[in-house]
Every structure is written in structure tokens, then in C-alpha cells.
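Here it is, the structure in full.
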Amino acid sequence: MGQAATLPCRRGESYVTELYEWFRKFINECPSGLITLHEFQRHFCDGTVGSESAEYAEQIFRTLDNNGDGVVDFREYVVAISMLIEGSAVEKLCWSFKLYDKDRDGAITKGEMLEIMQAVSKMSVAAALTKPNPLTAEECTNRIFVRLDKDNNAIITLEEFIEGALDDDWIREMLECDPSTVKVERPLRRDSALGTDGEPEVG
């Protein structure tokens, strides 16, 4: 905790600009440099679809909280966002694996994956974060397990997770975490953006 953030060595002005915006928003909303689960859920839910997002927000927070101390500090947030924006496919999938591996035992059970899929489905449909998916959370989970659980032992290892996702675009799209879902930002209130007549204020 309290360590200074070390920016990764990445090239490209657009990357630096985008990363700076994420940093600025975090410090603006969390001037102490720390954020608790309750605060994260509040910002997350306000920015998406209210209480429908709470379950997914909790899972995202758990994955961000690397040392398990119940607080996400600026460094943990920086490392995660940096990787989700500019990391390799394998790095992004490793992070997603941690999201699904709720008990951190190194394997994903069908129950763990279903829990995340249900939370994502509930939130993403309401918030229009993704394209409408014709499959239910249960159907997505079953299809992913059929394709990834090569040895049919009812769990997915990190190796199976990465290998299967890299070989299947649909699975990769389903499993990778969209960095926009990790944003710490409160939305502009409608009544502050509009005039008394409901039209955008000018000037």
C-alpha cells in the first residue's frame, strides 16, 4: 500500500493520453488514493445500471485487490488498467482468469463461471455495454466448458483457459474483460447538464 505507481514502458502518444485520463479520474473520485469495495460499487453502479451492477462490481474489485486487504490503491488500479488497455492477449486473459477464479485456487468451476456470467449478463444488457447475446448465462457457461475443459474434469485450468480463448474468437470475446467496465467515474447528472426547460444549457 502507498507505493508510487510505476508506469509501464509503452510507446504511443494515444496510450499515454488514455492512461492519463484513467489516472485523473481515479484521483478525482478518490483523492486519498484508496478506494473501498463500498465506494467502488457506488461509483460503478452510478456509472452503469444501478444496483444491477453491484455483483459484477464486487467481482471486479476482488480482482483489482491483489493483496486482498479490502482496499484498492492507486498502484493496483494503475497496473490493472495499464494491462487491460495495452497488455498482450495472454496478459489480459490471465487477468480475466483471476476474475472467474473466485476462490483463487487456480481453477475455475462451472459454478464460478456461471456466477460471473450471470452478473455480467445482468449488467451488460441493461447498460448496453455489449452486443445483445442470444445465449443465456447458463448456455454460455456450458458452451465455454465444452470447448475449454479438454480433460473433462469439471474445472478449467489457466492453461486451458488461455489456450482455448486464443484458439476461439467467440470465447475470447466472452472471457476478456472490457477496460471500460473498470472505470471509476460518476456520470454527469441529467439535471445538471440540462436547463430548466430540459434543453442543454449553452454558454
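Any value given below was found using the heavy atoms of this structure, including those in side chains, with hydrogens, waters and symmetry copies removed.
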Item checked: Nearest non-hydrogen partners of L175 and M117, listed with the distance ->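 So the two residues come closest at CD2-CE, 4.1 Å.
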Next item on the list: Please check if the side chain of R62 supplies one atom and the backbone of L37 the other of a donor-acceptor pair under 3.5 Å.
Entry: no
Notebook entry, point to check: Does the side chain of I156 reach to within under 4.5 Å of the side chain of F145, using non-hydrogen atoms?
Noted result: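 The answer is yes, as the side chains (C-beta and beyond) meet within the 4.5 Å cut-off.
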Next item on the list: Look only at the side chain of E91 and the backbone of S88, and say whether a donor-acceptor pair between them is shorter than 3.5 Å.
Entry: yes
Item checked: Nearest heavy-atom neighbours spanning A165 and L148 -> N-CD2, 4.1 Å
Check: Any chance CG of D151 has more than 12 other-residue heavy atoms, nucleotides or ligands included, within less than 6.0 Å?
Finding: yes
Check: When rounded to the nearest 0.5 angstrom, what is the spacing between OG1 in T157 and CG in D101?
Finding: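 Atom-to-atom, T157:OG1 and D101:CG are 11.0 Å apart.
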Next item on the list: Search all heavy atoms of L135 against all heavy atoms of W170 and return the closest pair with its distance.
Entry: CD1-CZ2, 3.7 Å
Item checked: Donor-acceptor contact present, side-chain D168 to main-chain G164, <3.5 Å ->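 Between the backbone of G164 and the side chain of D168 there is no qualifying donor-acceptor contact (under 3.5 Å).
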Check: Say you draw a straight line from CD of E176 to CD1 of I171; how long is it, rounded to the nearest 0.5 Å?
Finding: 12.5 Å
Next item on the list: For Q59 and T63, work out which heavy atoms get closest and say how close.
Entry: O-OG1, 2.9 Å
Next item on the list: Give a yes or no on whether the backbone of M83 and the side-chain of E86 come within a donor-acceptor separation of less than 3.5 Å.
Entry: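 Looks like no, no N/O pair under 3.5 Å.
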Note to self: If you apply the rule side chain to side chain contact (heavy atoms under 4.5 Å, CB included), what do you find for I60 with F40, and how did you get there?
What the structure shows: CA-CA 9 Å; I60 289 288; F40 186 81; 3.6 Å; yes
Check: Does atom NZ of K102 have more than 12 heavy-atom neighbours from other groups under 6.0 Å away?
Finding: no
Next item on the list: Would you mind reporting whether I108 and E160 have side-chain heavy atoms less than 4.5 Å apart?
Entry: no
Note to self: Restricting to non-hydrogen atoms, name the atom on A154 and the atom on D149 that form the minimum distance, rounded to 0.1 Å.
What the structure shows: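 Looking at all heavy atoms of both residues, the closest pair is N-OD2, 2.9 Å.
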Check: If you look at every heavy atom in R104 and D65, which pair is closest and at what distance?
Finding: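 Result for this residue pair: NH2-O, 3.3 Å.
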Next item on the list: Could you go through the side chain to side chain contact (heavy atoms under 4.5 Å, CB included) check for D73 and I35 one step at a time?
Entry: CA-CA 6 Å; D73 65 20; I35 187 168; over 6 Å; no
Note to self: Consider side-chain contact (heavy atoms from CB on, under 4.5 Å). Of E115, E112, Q118, K110, which one does T141 pass it with?
What the structure shows: K110
Notebook entry, point to check: Can F97 and L93 be said to form a side chain to side chain contact (heavy atoms under 4.5 Å, CB included), step by step?
Noted result: CA-CA 6 Å; F97 183 87; L93 287 167; over 6 Å; no
Check: Is any side-chain heavy atom of L64 less than 4.5 Å from a side-chain heavy atom of E76?
Finding: no
Notebook entry, point to check: Atom CE of M174 and atom SG of C140: how far apart are they, to the nearest 0.5 Å?
Noted result: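 Output value for this atom pair is 3.5 Å.
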Checklist line | Verify same cluster id: W95, I162 (apolar side-chain graph, 4.5 Å) | finding: yes
Check: Could you give the distance from CE (M113) to CG (L99), rounded to the nearest 0.5 Å?
Finding: 9.5 Å
Check: Could you give the distance from CG (N152) to CD1 (I155), rounded to the nearest 0.5 Å?
Finding: 11.5 Å
Notebook entry, point to check: Any side-chain heavy-atom pair from V72 and T36 closer than 4.5 angstrom?
Noted result: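 A side-chain contact under 4.5 Å is absent here.
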Item checked: Straight-line distance of C94 SG to F161 CZ, nearest 0.5 Å ->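 Between atom SG of C94 and atom CZ of F161 there are 9.0 Å.
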